[in-house]
Number of protein chains: 2
Amino acid sequence: MCESAAYILKEDGMERIMDNVVSVDPFEGKVYLTDLLGEQKIIDGEIKEIRLMDHKIIIKENKR
Amino acid sequence: MCESAAYILKEDGMERIMDNVVSVDPFEGKVYLTDLLGEQKIIDGEIKEIRLMDHKIIIKENKR
């Protein structure tokens, strides 16, 4: 299985926000994450990096 | 192993541009792809979607 965990990049590290992510869709300044069960989270931010070997999706939040 | 293949979205379908992708880094309008062997490709475009279960990274090229 190749699902990954999604993290938000913070000044003091990374916060894990979703496990078992199966799809990632950036669209108009937001990142739509979907997990194995079909649950969705929408993050106001952009993809910073994806490390497939580490199973990490790292998202940078937009500044308010 | 969780590496994926990267595709560019074309009007008439998808073109496979890299196999065994291990990292994806969007930065300033480009997408930096790195494969298992450390080879890098830089695409003038943005991430359209990532399907981890299908092992697909889909990139949309910027319009010229």
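Order of the sequence lines sets the chain letters (A, B, ...), proteins ahead of strands, with each chain counted from 1. Since we're looking at a predicted model, the values are computed, not measured.
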(request) Quick one: pull up CG in A:Asn20 and CG in B:Leu52 and give me the separation to the nearest 0.5 Å. (result)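 Between A:Asn20 CG and B:Leu52 CG, I get 11.0 Å after rounding to 0.5 Å.
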Between atom CD of B:Glu49 and atom OH of A:Tyr32, what is the distance when rounded to the nearest 0.5 Å?
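It comes to 13.5 Å.
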- Query: With a 4.5 angstrom heavy-atom cut-off, which part of A:Lys56 approaches chain B: side chain, backbone, both or neither?
  - Reply: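 Looking at A:Lys56, nothing touches chain B.
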- prompt: Going through the checks in order, is the side chain to side chain contact (heavy atoms under 4.5 Å, CB included) test met by B:Met53 and A:Leu36?
  reply: CA-CA 9 Å; B:Met53 306 300 280; A:Leu36 258 182; 4.0 Å; yes
Toward chain A: residues of residues 8-18 of chain B with heavy atoms under 4.5 Å:
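None at all.
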Review point. Under 4.5 Å between side-chain heavy atoms, hopping through other hydrophobics if needed: is there a path connecting A:Leu33 to A:Phe27?
Key: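 Different hydrophobic clusters.
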Which residues pass the salt bridge (Lys or Arg N to Asp or Glu O under 4.0 Å) test with B:Asp25, not counting sequence neighbours?
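B:Asp25 satisfies salt bridge (Lys or Arg N to Asp or Glu O under 4.0 Å) with A:Arg51 only.
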**Request:** Considering only heavy atoms and a distance below 4.5 Å, find which of B:Thr34, B:Ile58, B:Ile47, B:Ile50 pairs most often with chain A.
**Result:**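 Ranked by contacts with chain A, first place is B:Ile50.
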